[in-house]
Amino acid sequence: MNLTKEEQLMLNGEMGYAVRKSMEILVALGEIYGAESLIKVGSVQVAGVSYHNLGDAGLEFLNELAKDGRVRVLTTLNPAGMDLENWRQLGISEEFAAKQNQVIDAFERMGILISCTCTPYLIGNLPRFGEHVAWSESSAVTFANSVIGAKTNREGGPSALAAAFVGKTPCYGLHLDENRVPDVHVQVDTELSKLSDWGALGYAIGKKAENKIPYITGIKEAEIDDLKSFCASVVTYGAKPLFYIKGITPAAESQQIPKDKVTIEQSDIKNAYDNINDQVSEIDFVCVGCPHCSIKEIAEIANLVRGKKVAEGTELWVATSRTAKQLADKRGYTAIIEAAGGKFACDTCMAVAPLKGRFKALATTSAKGCFYSRQNLMKTKMGSMEECVQAAVTGKWNS
Ligand code: F3S
């Protein structure tokens, strides 16, 4: 790789330990993937925040870097293993909370915004079209590339952190226009009537376009919440973290429709639901907000639970950013959801909280949420917001 004089000094350790370590990571990655140089990034999103995933070795690594490492660009954080304020209410142990707080403290010393959300684009980390960024968290990466039109590879936690300390990332993969060309045309010949249908669509396309960049036609409209759900699902189930939707995503018109074509029909959506849903009727955990709920989704939940009560033996979690929760507090949505027995899970989510063995069966709107909850040994049901709230108040899945 060609390094500038400043980059060479960084690699030699002239700018401290964290920068040297970071340069070692970035140069090694660049050499593996054939990058010729580093490019500046406008922002970074760091995943790998939960102590549940990091363990003591990860915490030690972060503490070493935090001694002299300070981020050079706007850097936000993915969800942690617990709500940083109301962790007791979510049943997190004192021991786990103490470790998780040490992780957060290390990130704070580095100058990172303790945002703890997988929707950084909803709370102020919003790149411009065409901007190079270095993001980890697959749903956010897919959103940045596809819905915003920024350019990022799917970084891991350490490589994102390295980019934050250097302000640059190796120029390869999805930073290069020639690697952003769609390679399969996906014609959608079915209606999408609820949020979870977008998760099912992501499943169907992810399976049919495995490791490809889909160019999707046949979709007439999509809201931001639909697209964030689709981003989480399509990449979880197999596609690359970039897609185009004709008439919807900003770069679609600049790309040619590929010749290789697959179609998605109603039967593919049904098949997705059949694969994601287990045979289970008793629900003890309802979690919505994967990716983290927008304020609009919180308003919808509040409307649905108003005047009702979450069933005994069932928990309802609303996973969201602290910023969205603050808006919900002001609008009275928090009071309505909590009066019904629902709990806010800010800063965290069902995939990164230590939930293994705690619940038997999950209901959610999210295809990605189902994928990770199965790894946490839960049976899963995916459906609309209405179906999820219904499951929370009855403790049962009805459809
Ligand atoms: Fe976000 Fe966690 Fe889902 S990081 S996309 S809420 S699995």
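For ligands, and for the atoms within them, numbers begin at 1 and follow the listed sequence. Just so it is clear, the model here is predicted, and its values are computed rather than measured.
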R322 with E85: basic N within carboxylate O range, under 4.0 Å: yes

Ignoring waters, protein N/O/S atoms under 2.8 Å from atom 3 (Fe) of ligand 1 are C290 SG

Between I205 and Y203, is there shared hydrophobic-cluster membership here, with clusters defined by ILVMFWY side-chain heavy atoms closer than 4.5 Å? yes

Under a 4.0 angstrom heavy-atom cut-off, which atoms of ligand 1 come close to E137? 4 (S), 5 (S)

Decide yes or no on side chain to side chain contact (heavy atoms under 4.5 Å, CB included) for L304 and Q390, but give the supporting numbers first. CA-CA 9 Å; L304 289 165; Q390 182 66 12; over 6 Å; no

Within 45 degrees of the ring normal and closer than 6.0 Å to the centroid, is that where the cationic atom of K207 sits relative to Y237? no

The test is side chain to side chain contact (heavy atoms under 4.5 Å, CB included); show your working for L90 and M82 and say whether it passes. CA-CA 8 Å; L90 299 183; M82 64 183 197; 6.0 Å; no

Please check if the number of heavy atoms outside R70 that lie under 6.0 Å from its CZ is greater than 12. yes

